[in-house]
Amino acid sequence: MKEFSYLTRTEDLNKASTSDFDALVIGGGIIGSGVANALSQSGISVILVDKGDYGSGTSSKSSKLIHGGLRYLAQGRIKLTRNLLKERNYLLEHSDVVRKERFDILVGKGQFRRFSIRGGLILYGLLGGGKPSRFIKNQGEYPGDVEGYFSYTDCVTDDAYLTVMNIVSAHENGAICLNYVSFQNMERLTGGVRAHLVDVITGAKLYVNAKVIINCAGAWIRGLLPGNAINPETTRLSKGIHLIYPRSAFPKGHSVAFRSPIDGRQMFVIPREKVTIVGTTDTFTNTPDDLDVSGEERSYVIRSCSFVSDSFDKVLPIAEYAGIRTLYGAGSSPGKLSRDFKVIADDISVTVVGGKVTDYRRVAFRVAKLVSSRIHVGRVSPEVPRLDYPGLPWHNDIESAINHECAITLNDILQRRLGTYYFDPERIEEVSNQIHEFLEEKNIKMENGFFIS
Ligand SMILES: Cc1cc2nc3c(=O)[nH]c(=O)nc-3n(C[C@H](O)[C@H](O)[C@H](O)COP(=O)(O)OP(=O)(O)OC[C@H]3O[C@@H](n4cnc5c(N)ncnc54)[C@H](O)[C@@H]3O)c2cc1C
């Protein structure tokens with residue numbers, strides 16, 4: 001496999017300003033990385049830039065579920081649920097970074113209703129979700145108000161690493177991918193655009209010519225491309241927070257879906273590797289950088305999850321995170337807006353609004369088809385985007401993170417290559433020391449926090 005590191009990044013910066021591309025992708029979250037991967041596998045020359053690390057936006061801040069969304073089914077969004085389940089099942093089969101997880105969904109006073117959940121789960125199963133359990137009576141494993149529960153299967157992943165796998169796959173297929181390069185502006189040329197970019201590490205400017213520009217900047221899409229008609233009335237931003245507890249706070253071996261006793265919203269408690277992740281909130285915001293967890297948000301999640309186990313009130317969370325998604329459509333609350341994506345195109349640009357982690361392949365395929373018809377290349381295979389990089393599932397390989405997955409800061413490794421921050425935060429210091437030892441051994445230096453030779 002090709003080297004993909006802080007060293008090749010320097011070479012790629014040179015190539016970027018001396019070549020012309022079919023497509024420039026802004027944003028290396030799951031959507032942009034899937035798009036770049038699909039384009040590179042379709043014979044379309046592509047360059048992708050992200051102002052931070054790959055997956056450092058919302059694509060490392062999700063609930064990390066790969067699912068059809070029982071809640072969407074309850075809203076009557078049958079087609080969306082069917083599509084998501086198809087994607088879930090594809091990813092489960094083709095990626096080691098997606099695995100099955102058992103969920104108990106609680107039934108009783110203030111919770112879900114037994115007969116509607118039973119019906120919903122049967123339909124979910126018919127749409128591709130697998131067979132649910134029969135109704136199981138609460139024998140004391142849940143609070144007194146809970147009559148019982150159904151168990152069903154969905155999937156979990158490491159969202160950030162799935163993003164990195166798509167980036168590496170795109171790189172293997174010839175895409176130029178540059179983390180820490182920010183898109184600033186663009187000018188129109190005959191038959192395309194000239195994008196003005198800045199290398200965030202050195203402050204150097206660079207200019208890239210492309211026939212099509214693809215805006216996959218997630219929560220930052222609004223106002224990015226001049227003249228691009230993203231209507232803030234129909235492109236809303238919604239924020240959600242999660243808290244991370246030690247695994248011992250919830251020693252069950254499976255996840256739980258339940259309603260918050262505060263307002264009836266669906267919540268999840270999800271035991272993962274060495275932790276339990278709980279969440280989430282869902283509130284409109286207007287600023288894509290509103291990424292602090294407020295006291296009010298934290299308290300809402302703690303009070304809601306204490307319904308399932310009072311440990312969440314007694315033990316302190318060891319980490320927390322907030323993410324912001326874009327939602328397309330109008331509605332009085334974020335929960336009512338569809339989680340389906342929307343692709344908006346004009347003569348030189350394509351913008352993606354929304355797009356779940358679960359659904360990234362469908363988005364990428366749709367965009368690749370659109371771009372290939374614009375620039376008259378051949379047919380796009382329904383198989384794209386494939387993962388041509390197998391990744392290292394639940395891995396701990398610092399060398400691969402630096403040499404093959406282009407991690408160029410300590411946090412790139414801890415958060416988005418090894419997943420230590422999310423799945424084993426109590427080992428952050430130990431793993432940081434291991435990284436420092438590796439850097440010393442290989443004579444890799446750091447300047448302003450970035451690796452240099
Ligand atoms: C709380 C929450 C929970 C969720 N849970 C789930 C779940 O369990 N399962 C699921 O399938 N989906 C889930 N989602 C949805 C999913 O996480 C998002 O829809 C998805 O991650 C969006 O990916 P993206 O690539 O569009 O955005 P991002 O991951 O945010 O990527 C956009 C990228 O663009 C870059 N960028 C922005 N501006 C510029 C610029 N000027 N120049 C260069 N780069 C730029 C950013 O740095 C960023 O990396 C959840 C969302 C939220 C908010």
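Since we're looking at a predicted model, the values are computed, not measured. First listed ligand is number 1; within each ligand, the first listed atom is number 1. Values reported hereafter were calculated over all heavy atoms of this structure, with side chains retained and with hydrogens, waters and symmetry mates removed.
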Between OH of Tyr421 and CG of Asn411, what distance do you get to the nearest 0.5 Å?
9.0 Å
Note: ligand 1 atoms sitting under 4.0 Å from heavy atoms of Gly355 are 18 (C), 19 (O), 20 (C), 22 (C)
Atom 25 (O) of ligand 1: the protein heavy-atom neighbour that sits closest, reported with distance to 0.1 Å
Ile31 N, 3.1 Å
Quiz item: cation-pi between Lys252 and Tyr142, 6.0 Å / 45°
yes
Closest non-hydrogen protein atom to atom 31 (O) of ligand 1, residue and atom name please, with distance?
Gly29 CA, 3.4 Å
Indicate yes or no: does an N/O atom of Gly323 lie under 3.5 Å from an N/O atom of ligand 1?
no
Heavy atoms only, cut-off 4.0 Å: how does Thr280 contact ligand 1, side chain, backbone, both, or neither?
side chain
Which pair of non-hydrogen atoms, one from Cys177 and one from Phe4, has the smallest distance, and what is that distance?
O-CE1, 3.9 Å
Does Thr58, backbone or side chain, put an N or O under 3.5 Å from an N or O of ligand 1?
yes
His254-Phe103 aromatic ring centre distance below 6.0 Å:
no
Output yes when a side-chain donor or acceptor of Lys239 lies under 3.5 Å from a complementary backbone atom of Thr283, and no otherwise.
no
Quick one: nearest non-hydrogen protein atom to atom 1 (C) of ligand 1, plus distance?
Gly240 CA, 3.5 Å
Ligand 1 versus Trp220: contacting region, heavy-atom distance under 4.0 Å:
side chain
Is it true that the NZ or CZ of Arg236 lies under 6.0 Å from the centre of Tyr328's six-membered ring and within 45 degrees of the ring axis?
no
Please check if the side chain of Thr163 supplies one atom and the backbone of Asp159 the other of a donor-acceptor pair under 3.5 Å.
yes
Which of the ligand 1 atoms, numbered from 1, are nearer than 4.0 Å to a heavy atom of Gly218:
26 (O), 27 (O), 32 (C)
N/O separation below 3.5 Å, Gly354 to ligand 1:
no
Of Val363, Thr358, Leu84, Val156, which has the heavy atom at the shortest distance from atom 11 (O) of ligand 1?
Thr358
List the closest protein heavy-atom neighbour of atom 33 (C) of ligand 1: residue, atom name, distance to the nearest 0.1 Å.
Asp50 OD2, 3.4 Å
Which ligand 1 atoms are under 4.0 Å away from a heavy-atom of Val181?
43 (C)
for atom 39 (C) of ligand 1, nearest protein heavy atom and its distance come out as Lys51 CD, 3.7 Å
Within the distance-only criterion (no hydrogens, no angle test), does the side chain of Arg361 pair as donor or acceptor with the backbone N or O of Glu87 below 3.5 angstrom?
no
Considering only the protein, which heavy-atom contact is closest to atom 15 (C) of ligand 1, and what is its distance?
Arg325 NH1, 3.5 Å
Quick check: does Ser63 get an N/O under 3.5 Å from an N/O on ligand 1?
yes
Tyr300: which residues meet the ring pair (Phe, Tyr, Trp, His ring centres under 6.0 Å) condition with it, sequence neighbours left out?
none
Thr81 and Leu73 have their tightest heavy-atom pair at OG1-N, 3.6 Å
Contact between Thr326 and ligand 1, counting heavy atoms under 4.0 Å?
no
Selection from Cys216, Ala160, Ser59, Ser62 by shortest heavy-atom distance to atom 32 (C) of ligand 1:
Cys216
Taking atom 34 (O) of ligand 1 as the reference point, the nearest protein heavy atom with its distance
Gly27 CA, 3.3 Å
Under 4.0 Å between heavy atoms, the region of Lys64 that gets near ligand 1 turns out to be backbone
How far is atom 9 (N) of ligand 1 from the closest protein heavy atom, and which atom is that?
Leu65 O, 2.7 Å
Keeping to residues at least two apart or across chains, list the side-chain hydrogen bond (donor to acceptor under 3.5 Å, both in side chains) pairs with something in residues 48-57.
Asp53-Asn179, Asp53-Arg416, Asp53-Arg417
Using the six-membered ring wherever Trp is involved, compare the ring planes of Phe312 and Tyr245 and label them parallel, tilted or perpendicular (cut-offs 30° and 60°).
perpendicular
Numbering as shown, the atoms of ligand 1 that approach Leu224 to under 4.0 Å (heavy-atom distance)
41 (N)
Does Lys2 NZ have over 12 foreign heavy atoms under 6.0 Å away?
yes
